[in-house]
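Notes follow the structure.
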Amino acid sequence: HMKRRKRWNNYPPGPVSFPFVGNLLQVNFQCPRLLSEKFGKIISLQIGWKNVVLLNGLEAVKEALVQRSEDFADRPPFSLFDHMGIMMARYGHGWKELRRFTLSTLRNFGLGKKSLDQRVTEEAGCLCSAFSSKYGHPFNPRFLINSAVGNVMCSLTFGNRFEYNDEKFQRMLHLIEEAFNIGAGIMSQVILDMMPWLLYIPGPHHNVFQPYTDSFDILREIVKEHKETRDPGFTRDFIDAFLEEIEKAKMDPESTFSEDNLIFTVFDMFGAATETTTVTLCWALLYMLRYPDVQKSVSIFPGRVHEEIDKVIGRDRSPDIEDQVNLPYTNAVIYETQRYCDVVFAGVPRTTYRDTEVQGFFIPKGTIILTVLSSVLKDETVWEKPHEFYPEHFLDADGQFVKREAFLPFSAGRRMCLGEQLARKELFLFFTTLLQHFTFHIPEDQPRPRDDGYYVLIHSPDSYELCASPR
Ligand code: HEM
């Protein structure tokens with residue numbers, strides 16, 4: 001295998017080779033920085049018999065994802081889950097059809113009786129009540145945030161939300177988290193797919209699939225209920241919209257809309273939506289603990305989050321999405337949270353759809369591409385203070401909000417995050433509503449929470465506790 005890449009002229013440089021999966025652990029994404037120092041921004045790795053290319057920095061990532069969007073639009077073949085909704089689907093007709101449908105359906109919510117904004121606002125209120133019920137005592141916010149984020153997805157897909165302590169609801173969230181941790185992530189996907197023989201060895205790793213099968217069973221049950229109670233004239237939610245599409249598709253032999261694909265797609269979206277958004281919000285509150293002067297005004301810095309919310313929204317009404325334009329500082333804090341916490345640090349693996357090139361390097365069709373989003377969000381040639389939490393990255397001299405080209409937490413190009421709009425709404429409405437109602441601080445006798453966290457598939461904070469004092 002070592003010989004193979006020598007045949008290509010101009011193939012990117014890289015370390016000798018990674019004959020065993022164990023070597024993959026070297027690619028633990030602190031590592032691209034070290035590799036970059038030695039090999040440059042575009043690095044080839046050979047992992048098992050697979051060719052992998054890492055792209056680092058704004059220029060390389062942008063060239064691949066934006067300028068050569070279609071060349072990089074495929075995903076690696078994951079033999080284990082052949083037809084997995086949108087996220088892992090190969091680039092082609094099925095993916096296109098499904099992505100178009102899902103985007104337009106999410107945009108039209110609107111489905112049923114409530115708008116998407118209303119659903120998120122309502123959930124933000126519920127989240128606040130749940131925080132209040134802690135009476136200022138220390139707690140880990142993850143459970144409640146995860147429930148609120150999960151509920152928005154439930155509301156969109158199933159038509160209803162659940163109480164946070166509902167057993168079925170928590171079981172479902174738990175399964176999705178488990179499945180996500182096990183399989184949907186970058187590394188384990190690559191590893192498992194490289195070692196299909198692992199599947200034939202009896203042993204504990206077989207449990208790997210239990211959370212999937214269990215989740216699918218729950219979803220199948222929910223779809224069945226939908227079919228029984230559906231009124232064809234009235235679309236209640238995503239599942240109803242999909243069922244309509246299946247009916248229409250009966251005439252179309254090319255169509256990939258099917259009940260199995262519905263289950264996969266819903267599962268896929270829950271996986272993509274809940275962990276990422278939950279973890280981002282956990283980081284946001286953690287940063288409020290670490291940087292109290294961002295949360296609150298300390299005399300010399302005017303316009304901090306609390307003050308800005310008080311001035312623009314006050315205490316009597318709920319924030320709505322239109323407030324965003326009038327809250328530049330708060331908005332900058334949310335953007336900076338996403339930049340600095342760097343949730344999907346290595347992107348989601350892509351594959352080249354045809355022979356192509358980046359920055360003059362040749363990359364053959366079928367190469368696995370890791371777009372190291374971290375290296376863009378912390379690109380030292382772009383950001384003033386790449387390794388610090390610095391909301392001013394998104395503010396101009398007049399304190400107005402500015403967009404930045406290297407802000408790519410949702411990636412770019414035709415496979416970029418499909419839930420960006422939804423995620424933005426949730427981050428803004430949840431964060432603003434919480435900060436309107438509470439001051440967050442570190443519980444007495446507990447250390448300042450760390451901001452390094454751990455990198456497994458996504459970059460999560462170590463678990464921490466906070467106190468939420470009513471304002
Ligand atoms: C894909 C980030 C929330 C649905 C992705 C990708 C990233 C990402 C980096 C990979 C794109 C690529 O390959 O270039 C995030 C972040 C989120 C978030 C940081 C929250 C803070 C959501 C939500 C949904 C969602 C709420 C649900 C509606 C998806 C889907 C894909 C995806 C379906 C696969 C797209 C495709 O392959 O065509 N996301 N995401 N994400 N995301 Fe998100």
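When a ligand or atom number is given, it counts from 1 through the structure's own listing order.
- Note on ring orientation: taking the six-membered ring where Trp is involved, the planes of F169 and F162 are parallel (angle under 30°, cut-offs 30° and 60°).
- The distance from ligand 1 to the heavy atoms of L373 drops below 4.0 Å at these ligand atoms: 9 (C).
- Between the side chain of T367 and the backbone N or O of I363 there is no donor-acceptor pair closer than 3.5 Å.
- With respect to H393, the ring-ring contact (aromatic ring centres under 6.0 Å, His included) criterion is satisfied by exactly one of Y335, F401, Y340, W383: W383.
- Within the protein, the number of N, O or S atoms lying under 2.8 Å from atom 43 (Fe) of ligand 1 is 1.
- Contact atoms of ligand 1 toward Q338: 21 (C) (distance under 4.0 Å to a heavy atom of the residue).
- Annotation: side chain to side chain donor-acceptor pair (under 3.5 Å) contacts involving residues 278-288, sequence neighbours excluded, comprise N146-T278.
- The contact set between ligand 1 and I86, taken as ligand atoms under 4.0 Å from a residue heavy atom, comprises 36 (C), 37 (O), 38 (O).
- With hydrogens left out, the protein atom closest to atom 13 (O) of ligand 1 is R75 NH1, 2.7 Å, a heavy atom.
- Looking at atom 31 (C) of ligand 1, its nearest protein heavy atom turns out to be M87 SD, 3.7 Å.
- Using a 4.0 Å cut-off between a side-chain N of Lys or Arg and a carboxylate O of Asp or Glu, K365 and D355 do not qualify as a salt bridge.
- Using a 3.5 Å distance cut-off with no hydrogens or angles, the side chains of R161 and S155 do not pair a donor with an acceptor.
- The existence of a salt bridge linking D342 and K378 is confirmed by a sub-4.0 Å separation between a basic side-chain nitrogen and an acidic carboxylate oxygen.
- Looking at atom 11 (C) of ligand 1, its nearest protein heavy atom turns out to be R415 O, 3.1 Å.
- By the 3.5 Å distance cut-off applied to N or O atoms, R414 is not counted among the residues near ligand 1.
- Taking every heavy atom of T280 and a limit of under 4.0 angstrom, the matching atoms of ligand 1 come to 21 (C).
- For ligand 1, the atoms closer than 4.0 angstrom to any heavy atom of R99 are 35 (C), 36 (C), 38 (O).
- With respect to R424 and E420, a salt bridge is recorded, a charged nitrogen being found less than 4.0 Å from a carboxylate O.
- A salt bridge links R450 with D452; the closest basic N to acidic carboxylate O contact falls under 4.0 Å.
- Using a 4.0 Å cut-off between charged side-chain N and carboxylate O, K385 and E392 make no salt bridge.
- The shortest contact between atom 10 (C) of ligand 1 and any protein heavy atom is with V348 CG2, 3.4 Å.
- Looking at R142 and E275, a side-chain N of the basic residue comes within less than 4.0 Å of a carboxylate O on the acidic one, giving a salt bridge.
- Salt bridge annotation for E405-K403: absent, with no cationic side-chain nitrogen under 4.0 angstrom from a carboxylate oxygen.
- The residue from G413, G85, P409 that puts a heavy atom closest to atom 9 (C) of ligand 1 is P409.
- Heavy-atom contacts of R350 reach the following atoms of ligand 1: 12 (C), 13 (O), 14 (O) (cutoff under 4.0 Å).
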